[in-house]
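First up is the structure itself, then whatever we jot down about it.
Every value quoted in this text rests on a predicted model; they were computed, and no experiment measured them. Chain A is the first sequence line, chain B the second, and so forth, proteins listed ahead of strands; every chain is numbered from 1.
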Amino acid sequence: MKVTLKDGSCKEYASAMTVIDIAADISDGLARAACAAEIDGQIADLRTVIDRDCELNILTFDSEGGKRAYRHTCAHVMAEAVQNLYPDAKLAIGPAIDNGFYYDFDMPSLSREDLDNIEKEMKKIIKKGDRLERYTLSKEEAVKLMTGRDEPYKVEMINEHPDTDTLTFYKQGDFIEFCAGPHLISTKQIKAFKLTSSSGAYWRGDEHNKMLTRIYGTAFNKKQDLEDYLEYLEDIKNRDHNKLGREMDLFTTVDVIGQGLPLFMPKGTKMIQKLQRWIEDLEDNEWGYVRTRTPLMAKSDLYKISDHWGHYKEGMFILGDDDEDENGNSISGNDIFALRPMTCPFQYYVYKARQKSYRDLPYRMGETSTIFRNEDSGEMHGLTRVRQFTISEGHLICTPEQIAEEFKGCVDLARHCLKTLGLEEDVTYRMSKWDPENPEKYLGTAEEWDKVEGAMREILDDIGLDYTEEKGEAAFYGPKLDIQAKNVYGKEDTMITVQLDMFLSERFDMYYIDENGDKKRPYIIHRTSMGCYERTLAWLIEKYAGKFPTWLCAEQVRVLPISEKFKDYAGKVLSELKKNGIDATVDNRSEKIGYKIREARLDKLPYMLVVGAQEEETGKVSVRSRFAGDEGQKDLQVFIDDICREIRTKEIRTEIE
RNA sequence: GCUGAAAUAGCUCAGCUGGCAGAGCACUUCACUCGUAAUGAAGGGGUCGUGGGUUCGAGUCCCAUUUUCAGCUCCA
């Protein structure tokens with residue numbers, strides 16, 4: 001048989017051979033480094049017997065598949081160690097994940113010391129260096145084996161497995177695991193690992209099931225790489241918006257105010273104000289929006305029309321006694337109010353207040369709207385998951401003929417926002433579809449959903465957007481284009497959304513008069529442009545590690561007199577800057593100039609102007625900056641012109657370093 | 001909501017088996033009036049998250065609660 005290798009070369013063998021034997025035949029080094037293989041593009045175990053012509057790619061730790069096999073093997077070693085130390089621990093599942101692996105056990109929770117002990121036991125197992133044997137059993141034998149070993153979760157998985165004859169097992173020493181593989185040849189190959197944390201996790205990810213104990217870890221084939229990775233984890237903590245944003249005095253929280261209710265400090269408020277002024281002017285002046293300002297709350301009657309009362313009541317803050325009789329009338333006799341979880345119906349009533357003609361469409365409404373969502377107590381996080389937040393919201397009411405063009409306009413505007421903020425490369429696009437298996441969670445019928453999802457897909461394809469499709473992520477009233485971004489820890493959030501709505505115009509009896517004088521139902525697009533201010537700020541903090549583009553900085557310039565003698569000149573410079581709309585301050589403390597510069601750098605300021613005798617005489621300033629190529633003496637007016645241009649164009653400059 | 005951890009000065013943290021509340025940075029004052037990454041000295045600042053309990057005595061032990069963090073689940 002003929003085996004074609006990755007580099008295109010061929011190896012011929014007279015008889016069937018395992019992948020690891022072929023690797024050894026190529027070189028001992030490769031055999032030692034081999035973690036898994038790809039046979040004709042399919043991921044495979046090193047023990048796989050090759051008995052036919054094929055393309056073979058032997059995977060080492062440098063490949064994604066190799067890493068996974070390596071780390072998955074480490075998960076097995078961890079499971080063996082846990083069972084050695086805690087014989088009552090029951091095995092659940094333990095896959096490789098991005099950057100590491102985990103394993104779930106049914107056992108009491110663990111402390112850091114417990115993890116350290118498990119690490120020690122793992123080292124013993126690795127030192128012993130058992131080979132992993134692979135074999136198959138019939139379902140009957142498999143159930144018998146795992147029942148005998150008292151592993152109820154494994155028995156459950158085996159029983160549900162579609163295969164009946166050849167269920168794969170791996171064994172190292174006394175440890176046996178029902179597992180598809182692939183795996184390393186021996187535990188000895190694991191060179192460097194670390195158990196990073198443990199926490200609770202529901203069996204099968206279902207909150208109705210028992211909570212198990214999950215241990216997270218990671219593994220590398222070089223000690224140095226592990227150390228580098230652990231150092232990297234420490235480093236990204238310094239970008240974490242929740243830490244950095246508080247340190248930089250952008251926001252804070254207070255226990256008596258409550259979870260998910262951040263307070264913006266003056267600097268954070270200034271940044272949000274800059275974002276808001278920018279986006280409102282952009283929408284109104286360049287994208288044809290009209291601005292609205294609608295109430296933060298409404299009677300329950302409104303939400304009953306939109307059916308938020310039916311689909312989303314749990315997520316709303318209800319004011320007053322919401323007990324109702326069987327007809328939906330308040331038992332107390334008082335009106336029930338609720339804080340708004342979205343702005344849609346409010347803006348619909350702005351649309352409806354005057355009869356609209358087809359000539360008025362598209363009617364694009366924008367509102368910087370604060371909304372309230374009663375998230376579960378464990379869900380709040382920094383600025384990315386909060387109970388009150390503000391979005392650059394808008395609704396476009398248009399004719400069926402206009403829908404594609406308007407939708408594209410919304411996507412264009414969103415991408416323009418991303419580009420301006422320097423975030424365009426950091427996002428992925430997701431088409432969020434309904435879940436046909438849970439139709440009760442949505443308005444409308446399968447036919448209607450097929451139609452509107454088809455329409456959205458056509459638009460997205462027409463734009464040429466690279467997007468994924470995900471089931472069960474739609475709004476209850478329609479599919480969404482979600483623009484997703486990951487935080488420093490790799491956790492994904494929706495930053496911007498553009499949604500098609502095919503039901504609410506009917507429910508709110510919205511219409512326009514067409515060319516023939518007939519009433520017609522408009523189409524509605526729900527959308528954000530820059531998205532949620534809180535999340536955007538969080539994202540900017542992490543993206544720029546607090547060193548924002550100048551136009552967004554709360555403090556753009558700090559004037560630093562070299563001594564109190566130059567306080568007056570510093571004051572003149574300051575007022576010139578402010579007169580030109582630059583956010584500037586002056587540091588008049590009686591500290592040495594080097595000290596003041598250091599402070600300004602720690603505050604991540606884009607520009608510092610040092611002033612003393614030389615500057616006062618010549619009318620110049622000495623510019624210090626965190627940007628490349630912008631140091632030295634400058635005429636004050638030249639500096640002002642430069643920075644004003646930079647702010648106006650929203651330039652993203654390259655940092656020194 | 002679930003599992004676990006944590007909460008001590010503005011910030012970062014120390015405070016052992018219960019026995020007078022600590023450090024560094026920051027802040028204030030004084031001296032210095034300074035030329036590009038930390039001038040010197042002195043001083044102020046704490047109901048030890050909150051509420052109960054055990055104890056002669058609680059920052060420390062127990063219970064409840066709030067908030068924060070990690071993860072799970074959820075996110076219209």
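B/U73 and B/C2 have their P atoms separated by 16 Å, given to the nearest Å. A distance of about 15 Å separates the C1' atoms of B/G49 and B/C69, rounded to the whole Å. Annotation: B/A23 and B/A42 have their P atoms spaced 13 Å apart (nearest Å). B/G35 sits 15 Å from B/G40 when the P atoms are compared, rounded to a whole Å. For the P atom pair drawn from B/A58 and B/G71, the interatomic distance equals 38 Å after rounding to whole Å. The same atom, P, is picked in B/C62 and in B/U67; the two are 22 Å apart, to the nearest Å. Between B/A26 and B/A21, the two P atoms lie 27 Å apart (nearest whole Å). Taking atom P on both B/C63 and B/U3, the two are 15 Å apart, rounded to the nearest angstrom.
Residues A/E631 and A/G315 both approach RNA chain B. Their nearest nucleotides, taken by heavy-atom distance, put A/E631 toward the 5′ side. Two residues, A/D493 and A/E599, neighbour RNA chain B, and the one matched to the more 5' nucleotide by heavy-atom proximity is A/E599.
A 3.5 Å limit on both hydrogen-bonding distances identifies no Watson-Crick or G-U partner for B/U47. Across all strands shown, nothing is found opposite B/G18 as a Watson-Crick or G-U wobble partner with both distances under 3.5 Å. Pair assignment for B/C72 gives B/G1, based on Watson-Crick or G-U wobble hydrogen-bonding distances that are each under 3.5 Å. When both pairing distances are held under 3.5 Å, B/C34 makes no Watson-Crick or G-U pair with any nucleotide shown. Across all strands shown, B/C61 pairs with B/G53; the Watson-Crick or G-U wobble distances both stay below 3.5 Å. As the counterpart of B/C25, B/G10 is assigned, both hydrogen-bonding distances of the Watson-Crick or G-U wobble pattern falling under 3.5 Å.
Between A/R340 and A/E367, at least one side-chain N (NZ, or NE/NH1/NH2) sits under 4.0 Å from a carboxylate O, which counts as a salt bridge. At a threshold of 4.0 Å, the pair A/R112-A/D116 counts as salt-bridged, since one of the basic side-chain nitrogens sits closer than that to a carboxylate oxygen. In summary, A/K237 and A/E234 engage in a salt bridge, as defined by a charged side-chain N under 4.0 Å from a carboxylate O. A/D98 and A/R68 are joined by a salt bridge, as a carboxylate oxygen and a charged side-chain nitrogen come within less than 4.0 angstrom of each other. A salt bridge links A/E655 to A/R626: one of the charged nitrogens lies within less than 4.0 Å of a carboxylate oxygen. Between A/R558 and A/E599, no side-chain nitrogen of the basic residue sits less than 4.0 Å from a carboxylate oxygen of the acidic one, so the salt-bridge criterion is not met. Ion pairing between A/K441 and A/D435 fails under the 4.0 Å rule for side-chain N and carboxylate O.
Of the candidate nucleotides B/C27, B/C75, B/G35, B/C75 has the atom lying nearest to any side-chain atom of A/E375. Among B/A70, B/U66, B/C72, the nucleotide with an atom closest to any side-chain atom of A/D240 is B/A70. Distance from the side chain of A/E207 is smallest to B/U73 among B/A38, B/U68, B/U73. Distances from the side chain of A/E615 to the nucleotides B/U39, B/G35, B/U36 place B/G35 closest. Considering only the side chain of A/R624, B/A37 comes nearest among B/G35, B/C72, B/A37. The A/K592 side chain lies nearest to B/C34 when the options are B/C2, B/A70, B/C34. Among B/A38, B/U36, B/U33, the nucleotide with an atom closest to any side-chain atom of A/Y595 is B/A38.
Among the atoms of the strands shown, none is found under 4.0 Å from any heavy atom of A/R387. Using a 4.0 Å heavy-atom criterion, one finds that A/E591 contacts the bases of the nucleic acid, with or without backbone contacts as well. Residue A/G310 is out of contact with every strand shown, counting any heavy-atom pair closer than 4.0 Å. Nucleic acid contact class of A/Q633 (heavy atoms, under 4.0 Å, all strands): none. Residue-level contact check: A/I593 touches the backbone only, with heavy atoms under 4.0 Å from sugar-phosphate atoms and none from bases. The residue A/Y202 sits close to a base: some heavy atom pair falls under 4.0 Å. In this structure, A/G594 reaches the sugar-phosphate backbone alone: every heavy-atom distance under 4.0 Å involves primed, P, OP1 or OP2 atoms, never a base. A/E247 comes within 4.0 angstrom of nothing in the nucleic acid, heavy atoms only. Among the heavy atoms of the strands lying under 4.0 Å from A/R601 is at least one base atom, whether or not backbone atoms are also near. Within 4.0 Å (heavy atoms only), A/K565 reaches sugar-phosphate atoms of the nucleic acid but no base atom. Residue contacts for A/S109: at a heavy-atom cut-off of 4.0 Å it reaches the sugar-phosphate backbone alone, with no base atom in range. Using a 4.0 Å heavy-atom criterion, one finds that A/K480 contacts the sugar-phosphate atoms exclusively. Heavy atoms of A/A474 sit under 4.0 angstrom from primed sugar atoms or phosphate atoms, though from no base atom. Here A/S622 lies in heavy-atom contact (under 4.0 Å) with a base.
Looking at A/R385, its side chain comes within 3.5 Å of the base of B/C74 through a donor and an acceptor atom. A donor-acceptor contact under 3.5 Å is formed by the side chain of A/E379 with the base of B/U73.
We find that CD of A/Q259 is positioned 18 Å from P of B/C75, with the value rounded to whole Å.
The aromatic ring centroids of A/F476 and A/H308 lie less than 6.0 Å from each other.
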